[in-house]
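Not measured: the values here are computed from a predicted model. Residue numbers start from 1 in every chain, and the chains themselves are labelled A, B, ... in the order their sequence lines are given, proteins ahead of strands.
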Amino acid sequence: FGQMGAMFDWSKKVVTCDPEYYRWNQWFFIRMFERGLAYRKESFVNWDPVDQTVLANEQVVNGRGERSGALIERRLMPQWHFKITDYADELLDFSGLDWPERVKVMQTNWIGRSEGAEVTFHSEPGDPITVFTTRPDTLWGATFMVLAPEHPLVDELTTPERRAEVEAYVDRASRMSELDRQAEGKEKTGAFIGAYAVNPVNDARIPIWIADYVLMGYGTGAIMGVPAHDERDFDFARRFGLDVVPVIQPEGAPLDGAAMTEAYTGDGVMANSGPFDGTPSGKEGNAEGIRAVTHWLEERGIGTGKVTYRLRDWLISRQRYWGTPIPMLYCERCGIQPEKDENLPVVLPDDVAFMPTGESPLKTHAAFLEATCPSCGGPATRETDTMDTFMDSSWYWFRYLSPHRDDAPFDRALVERWTPVDTYTGGIEHAILHLLYARFFTKVLRDLELVDIDEPFLRLRNQGMILGEDNEKMSKSRGNVVNPDALVAEYGADAVRTYLMFIGPWDQGAPWSYQGIEGVTRFLGRVWSVVLDPAEADGRADDTSLRDLRRAVHTATRAVTEDFEAFQFNTAVAELMTLQNAMAKAKNRALTQTDAWREAQRTLLLLLAPIAPHLAEELWERIGQGGSVHLQPWPEYDPDALVQDTITMAVQVNGKVRGQIQVPPDADKDAVLESARSEPNVARYLDAGTVQREIVVPGKLVSFVVR
RNA sequence: GCCGGGAUGGCGGAAUCGGUAGACGCAGCAGACUUAAAAUCUGCAGCCCGCAAGGGCAUGCGGGUUCGAGUCCCGCUCCCGGCACCA
């Protein structure tokens, strides 16, 4: 970065593995624990066998650990979580944020809000089994139930004659990795547990199955099977010979359960549904059917309206040594206790013995483990899990403002002055990890009354990726990697910077081109000569040339300013090239002794400075300007300088351009039409028929309709 | 499968409140300078027909609206990215 001319204020540096920083991770953790936002719970978690730690859902990609790439296993373990689900609805609200659509969509999908109802069935022995459904209007079509293999009722409900098969299935499911489960794809597997349930709306006796397509971590871990109107349930029913009973009939040919080849998920009219027969219903346009059934279920105490999210609480524990120690203690008498604030930071010991098993060395470090219960003063054992490193990045921008304060995580006044962050740039890979956690954490800090803002980053932009010259992602194996250090050594930082801005739209990226950077290098060379080389003027300074120069300068000032604000750096560079070309022309007209020329020189350098800082600074000094170019006010454009003596308007006949006219910018409609009609080529076409309509778009064109 | 974003000259890309498509640059061609080359400078340049004037065709494909469509509407194709049995 240094070589590229980037500048940093190192006095604001933060080091997240320094106790000076992570003590505040611990302090926040304790505040969250006090509010019930941090809690310890035994649940099925993602276990990375290579890194020997659990991972958050957000850190599992296609069934593999985000860092290690190892196949993730499911384990039942007690772990610390942050209650991000409490904020699910608020996190779905992006109003006031100027963020890329795709990031908002990704977060929305990740949170996965579903409206529906919970409905309670009962097994024949009497246990209530609650299911979640988004289609309560299809309840009458439920012909079976499916529990997740891990569902707590499986063991109790399984009949003796089915036990062997069921246990084998549960065992197999528990051993399979997430990826293996997914690899089985649409081919459904499952086992009948021998028990039956009663459908509360029509008293139908329906078999209870287990299958791994039902996930313990979503909804209630149990579903009603409505094969006629759900694709997955349909596949399952066909595979195991279960009944298919349509209860939503589309317009036209009625469905026949025995003959259906796929589930019908569209809208229709309820049938076979007791009091609701004939009610229009479906997900698309007829949600009132769903609402009516939900209301009916609530009146009868069978079910309730319910919103379910895909989002799970943020699993914050890690079994790694490197990380912020979770500041909690286990006391035999008092249970789980937070460490006292005055004992923070709980420091990571540096005299640990790493084990060949990969297990965290904290687990066997006696001095670390031994602690005193803050409640009773008796002996306690310290928590050995550390925090996910995304904790560090969830609030660092607040800390930047006052990185060394030791009495508070940050300076409140500075936070109010500087946050939220106006513009945040970064890679799309943070779309649902860092950016979701950071939003959550900001809202938590707000609720802890530590900050006054709801969102951390107002405007977000994702940069595109520079590809290899072969238009493929750069990689060592492809041999298409372009090394920035070598480029800076060969072309200089300014040329590399300018080309990276010019290569294409900043948020889109583009393939690298050595010929392209040569072109930009030539441009910077021309900037040097146009500013410094003595003029070889053979022309004479005239008013028109002078006005042309001033117009070029002020047009560029406006365009570059607007482009910068819109992150359109490629067109900003193009505007600077246009200005340089205009200046080269002016130079040949002997304008170099004029004020307009000196303004042009200054403006070119001021506009170029953010892109090619070294060149701009050097030239700024050489033309005798005082101070640094980077400390000057940004130039403003003069609207009067943009006005032209004459403008060119296109003339169309029946939609085709047949000529151009030069008119004063303030010419009235009749004058413009007169000029257009007298253009010889236009006249030819007008004479061929009768003019039906005359359209004048001021400053743009004239259009004749001729029949 | 669902969701999001794209498709414009030989190449990277401009132009989207509908108003002269191809700014700027790369590559290319011609010329100047040079003994020559490089560098630099000047000019030309979407494709087709034409000496020219000019005309025709053109923004992934097929329709539509409009005086006028890269831009709006309907129906497709392909490419990139995300999610993926979430009930």
Quiz item: When the nearest nucleotide of RNA chain B is assigned to A:Val697 and to A:Gln508 on a heavy-atom basis, which residue is associated with the more 5' position?
Solution: A:Gln508
Practice problem: Ignoring backbone atoms, test whether A:Tyr309 places a side-chain nitrogen or oxygen under 4.0 Å from the OP1 or OP2 oxygen of B:A87. | Solution: no
Quiz prompt | For B:A21, the Watson-Crick or wobble partner whose two distances fall under 3.5 Å | solution = none
Quiz item: Does B:C33 have a Watson-Crick or wobble mate here (both distances under 3.5 Å), and if so which one?
Solution: none
Quiz item: Of the nucleotides B:U20, B:G54, B:C67, which one has an atom closest to the side chain of A:Ala650?
Solution: B:U20
Practice problem: Have a look at A:Thr648 and say if it touches a base, only the backbone sugar-phosphate, or nothing, with a 4.0 Å heavy-atom cut-off. | Solution: base
Quiz prompt | Base B:G19 paired with A:Gln652 side chain (donor-acceptor, <3.5 Å) | solution = yes
Self-check item: Interatomic distance at P, B:A15 relative to B:G22, whole Å
Solution: 13 Å
Quiz item: Among B:A15, B:G55, B:C24, which is the nearest nucleotide to the side chain of A:Thr571?
Solution: B:A15
Quiz item: Counting only Watson-Crick or G-U wobble pairs whose two distances fall under 3.5 Å, which nucleotide matches B:G81?
Solution: B:C3
Exercise. Counting heavy atoms from C-beta on, name the nucleotide in B:G13, B:C24, B:U20 closest to the side chain of A:Gln660.
Key: B:U20
Quiz item: According to the Watson-Crick and G-U wobble definitions, with both distances under 3.5 Å, which nucleotide is paired to B:G60?
Solution: B:C76
Quiz item: Touch check for A:Gly112, heavy atoms < 4.0 angstrom, all strands: base, sugar-phosphate only, or nothing?
Solution: nothing
Exercise. Could you work out the separation of B:C11 and B:G43 based on their C1' atoms and round it to a whole Å?
Key: 22 Å
Quiz item: From the list B:G56, B:A87, B:C41, which nucleotide is the closest neighbour of the side chain of A:Arg526?
Solution: B:C41
Quiz item: How far does the C1' atom of B:G13 sit from the matching atom of B:A23, given to the nearest Å?
Solution: 10 Å
Quiz prompt | A:Arg310, nearest nucleotide to its side chain (from B:C85, B:A84, B:C67) | solution = B:A84
Self-check item: Watson-Crick or G-U counterpart of B:U16, or none if no pair lies under 3.5 Å
Solution: none
Self-check item: Whole-Å distance separating the NZ atom of A:Lys585 from the C1' atom of B:C41
Solution: 13 Å
Self-check item: P gap between B:C72 and B:G18, integer Å
Solution: 8 Å
Quiz item: Nearest nucleotide by nearest heavy atom, which residue falls closer to the 5' end of RNA chain B, A:Asn681 or A:Tyr499?
Solution: A:Tyr499
Quiz item: Base, sugar-phosphate, or nothing: which does A:Ser513 touch, judged by heavy atoms less than 4.0 Å apart?
Solution: nothing
Quiz item: Considering only the P atoms, how many Å lie between B:G31 and B:A36, rounded to the nearest integer?
Solution: 13 Å
Quiz prompt | P atoms of B:A38 and B:C29, separation to the nearest Å | solution = 11 Å
Quiz item: What is the base-pairing partner of B:U66, counting Watson-Crick and G-U wobble geometry with both distances under 3.5 Å?
Solution: none
Exercise. Identify, residue by residue, the members of residues 661-669 of chain A with a heavy atom below 4.0 Å from RNA chain B, and return them in order of residue number, or none.
Key: none
Quiz item: When you compare B:A69 with B:A21, how far apart are their C1' atoms, in angstrom units rounded to a whole number?
Solution: 11 Å
Quiz item: Looking only at atom C1', what distance separates B:G60 and B:U77, rounded to whole Å?
Solution: 8 Å
Quiz item: Between A:Tyr309 and A:Asp89, do the side chains contain an N or O donor and an N or O acceptor separated by less than 3.5 Å?
Solution: yes
Quiz item: Syn or anti for B:G9, with syn set at within 90° of 0?
Solution: syn
Quiz prompt | Distance-only polar pair, side chains of A:Tyr499 and A:Asp494, donor-acceptor under 3.5 Å | solution = no
